[in-house]
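Values below: every heavy atom of this structure, side chains too, minus hydrogens, waters and symmetry copies.
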Amino acid sequence: MRFLPHLLKRFVHKGRLVVIEPSGSRVYFGSGEDGPEVVMRIHDDKLDRELFLNPELVAAEAYMDGRLTFEDGSTVYDFLYLFSINRRGLASHPVQQALRRGWRALKRWHQSNPLGRAATNAQSHYDHPPEFYALWLDSRMIYSCAYFPTPDASLEEAQEAKLRHIAAKLKLEPGMRVAEIGSGWGALAIYLAKLGVEVTAINVATEQLAESRKRAQAAGVADRITFFERDYRELTGTFDRVVSVGMMEHVGVNHFDDYFNTIKRLLAPGGFAMIHAIGRMSPPGTTGPFIRKYIFPGGYVPAMSEVFASLERVGLWTGDCEVLRLHYYWTIRHWRLNFEAKRPEVVAMMGERFARMWEFYLAAVELGFLHGSNMVYQLLLSNERNDVPVIRDFIVDEERTLAAR
């Protein structure tokens, strides 16, 4: 290897990375302390230069294609764990700094989500067969951060608690009109409809909408939910409540004002909105090349400074902000372990390369919530300062009422 050692010597400090070259020689990087030992085999001489120039994308693609494998009991999760505890060393390398400057320069182009393209981007991720997601999600197929009353709660318990927590924040009354922007497989819409409200739920993923309608019918609330295949910018009418879970990550930095202006326009007098999304505690950044290319094209996790700057421009009041720091780490850990247990079924359904891609994705994102800057935030937003109750005790009171139902 001519190029890769220059990066790895500067990158790997904690733990140890053992690289087996195509010739069979082993090269060692790292102290071996404060981290795992990971054994990685490179099957192709070209990977030396390719990994040096763009490691975050090439490592994923090489693993997907079988050009990079792990041995002696090491796994892709172990490799990404080693990466996550040494990430500062990677970011400090001059080549990587230049690469990141390029990404930042192209940030707005990468995250452009005009009408039409936004739907195509979302469908590329969410319109896989529902049976695939059903293999490793909870029984309601909730594909967003759960709310763990305790770290050892089951995934089912934590997702039930999340629905209850959101409903409590919405402070619903029977007969209210609720708009849901980004409705997933319908779990939240169904939960809210059972509380006696009328739900208008929109989504741009055709497969999700079809499954949502089936689930609403089976739950006996299809008459209280209207599912539309529609972009959020196309939704009309006014609503007592607006709720959006796991949607803002798909908006893109160019369109934050569009998103919040839509919410502002949809709220009836006295109404308010609840937004649940992934954020970062660090300054504004970019979406990594693997996630951008293969997982969430057009997606971006905003810094809180970007979120609140947009709210200031649009003129919405923030009535409450809650930050969930480890809840998504616990959630994705459940998903990853469920995925591993069902891997043969995933391969039979989607193929080996797809399974490797999702292994890489789930492990990388899980560790981003453990060692990186990612977290989840929940906001209550309104047009007027007193539309949201001014004392937040109402959330606990509503939650206890819902738990006793």
Side-chain angles (χ1 to χ4, degrees), residues 104-126 144 177-184 188 199-206 208-209 226-269 271-280 283-287 291-292 296-319 321 376-384 387-388:
R104 285 193 292 271
L106 296 171
K107 176 178 177 177
R108 290 187 174 272
W109 180 73
H110 286 154
Q111 298 169 31
S112 179
N113 286 296
L115 286 169
R117 185 187 297 172
T120 300
N121 285 340
Q123 289 163 1
S124 71
H125 185 86
Y126 294 103
S144 57
R177 296 161 299 159
V178 178
E180 184 184 7
I181 298 174
S183 57
L188 180 59
V199 182
T200 298
I202 62 168
N203 198 335
V204 294
T206 306
Q208 283 193 323
L209 284 168
T226 304
F227 289 104
F228 289 113
E229 186 168 346
R230 191 165 298 174
D231 186 279
Y232 67 94
R233 290 160 285 198
E234 299 175 308
L235 184 58
T236 59
T238 57
F239 301 87
D240 302 296
R241 301 287 186 267
V242 176
V243 61
S244 182
V245 176
M247 168 63 193
M248 192 176 174
E249 303 93 316
H250 300 286
V251 168
V253 70
N254 304 339
H255 306 285
F256 289 165
D257 289 8
D258 295 338
Y259 177 72
F260 287 126
N261 268 316
T262 298
I263 290 168
K264 183 180 180 70
R265 171 175 55 80
L266 293 173
L267 286 173
F272 61 87
M274 206 293 307
I275 310 301
H276 167 120
I278 302 171
R280 67 179 80 202
T286 60
T287 303
I291 296 293
R292 185 173 68 237
F296 293 119
Y300 173 65
V301 170
M304 297 308 291
S305 58
E306 294 173 297
V307 174
F308 284 106
S310 180
L311 291 171
E312 291 169 5
R313 291 190 296 268
V314 168
L316 281 168
W317 281 91
T318 301
C321 176
V376 169
Y377 62 91
Q378 292 185 343
L379 303 175
L380 296 182
L381 306 174
S382 63
N383 284 320
E384 303 295 336
D387 290 338
V388 175

Please answer whether the main-chain N or O of L316 pairs with a side-chain N or O of K264 as donor and acceptor at a distance below 3.5 Å.
-> no
Got a sec, which residues hit side chain to side chain donor-acceptor pair (under 3.5 Å) with S144, two or more places apart in sequence or on another chain?
-> K162
Taking R280 for the side chain and P302 for the main chain, is one N or O donor matched with an acceptor at less than 3.5 Å?
-> no
Partners passing salt bridge (charged side-chain N to carboxylate O under 4.0 Å, His left out) against D387 (at least two apart in sequence or in another chain) | none
Who pairs with R265 by salt bridge (charged side-chain N to carboxylate O under 4.0 Å, His left out), at least two apart in sequence or on another chain?
-> none
Going through the checks in order, is the side chain to side chain contact (heavy atoms under 4.5 Å, CB included) test met by Y259 and M247?
-> CA-CA 10 Å; Y259 177 72; M247 168 63 193; 3.9 Å; yes
Taking the side chain as every heavy atom from C-beta outward, state whether Y377 and M248 have any pair of such atoms under 4.5 Å apart.
-> yes
Are any side-chain N or O atoms of Q378 and backbone N or O atoms of H276, one a donor and one an acceptor, separated by less than 3.5 Å?
-> no
Check for a donor-acceptor pair, side chain of T262 on one end and backbone N or O of D258 on the other, with a separation under 3.5 Å.
-> yes
Decide yes or no on side chain to side chain contact (heavy atoms under 4.5 Å, CB included) for V314 and F256, but give the supporting numbers first.
-> CA-CA 9 Å; V314 168; F256 289 165; over 6 Å; no
Hey, does the side chain of R177 reach the backbone of T238 with a donor-acceptor pair shorter than 3.5 angstrom?
-> yes
Where T287 and G299 come nearest, the two heavy atoms and their spacing | OG1-O, 2.6 Å
May I ask you to decide if D231's main-chain N or O and E234's side chain share a donor-acceptor pair within less than 3.5 Å?
-> yes
Do the rings of F296 and H250 sit parallel, tilted or perpendicular, given the 30° and 60° boundaries?
-> perpendicular
Intermediate values then yes/no, side chain to side chain contact (heavy atoms under 4.5 Å, CB included), I202 and E180 | CA-CA 6 Å; I202 62 168; E180 184 184 7; over 6 Å; no
